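If you're wondering where the values come from, they're calculated on a predicted model, not measured in any experiment. Quick note: numbers below take in every heavy atom, side chains included, and nothing from hydrogens, waters or symmetry partners.
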Amino acid sequence: MNAASIMKLMNAKNQFSKNHPKFEAFLNSAFSRPMEEGSVIEITVTRPGEEPVTANIKVLQSDLELLEELKELSR
């Protein structure tokens with residue numbers, strides 16, 4: 001990834017954090033200690049006038065490696 005792409009991504013992340021500070025606080029809390037293999041991450045999307053849609057994943061070792069790489073990008 002080139003420097004311009006990284007800067008664009010970081011600017012988008014900063015704008016998202018500004019727009020949704022409670023979500024950023026939630027993520028900071030959820031990831032304040034290392035995620036463990038076997039943990040379950042669940043997300044629900046509720047669109048106006050529609051039923052919620054929920055999905056979850058059981059965290060694998062490869063997921064932990066990806067999360068660590070993403071965390072490094074955000075620093």
As an exercise, state the distance from CD of Glu65 to CG of Asp63, rounded to the nearest 0.5 Å.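 Nearest 0.5 Å value for the CD-CG distance: 9.0 Å.
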Taking atom CG of Leu9 and atom CD1 of Ile6, what is their separation to the nearest 0.5 Å? 8.0 Å
Let me have the donor-acceptor pairs involving side chains of residues 44-62, under 3.5 Å, with sequence neighbours excluded, atom names and distances please.
residue : atom : partner : partner atom : Å
Thr44   : OG1  : Thr54   : OG1          : 2.8

Per-pair distances, 0.1 Å, donor-acceptor, side chain in residues 17-43, under 3.5 Å, sequence neighbours excluded:
residue : atom : partner : partner atom : Å
Ser17   : OG   : Lys13   : O            : 3.1
Ser17   : OG   : Glu24   : OE2          : 3.4
Asn19   : OD1  : Gln15   : NE2          : 3.0
Asn19   : ND2  : Gln15   : O            : 3.4
Asn28   : ND2  : Glu24   : O            : 3.3
Ser32   : OG   : Ser29   : O            : 2.9
Ser39   : OG   : Glu36   : O            : 2.8

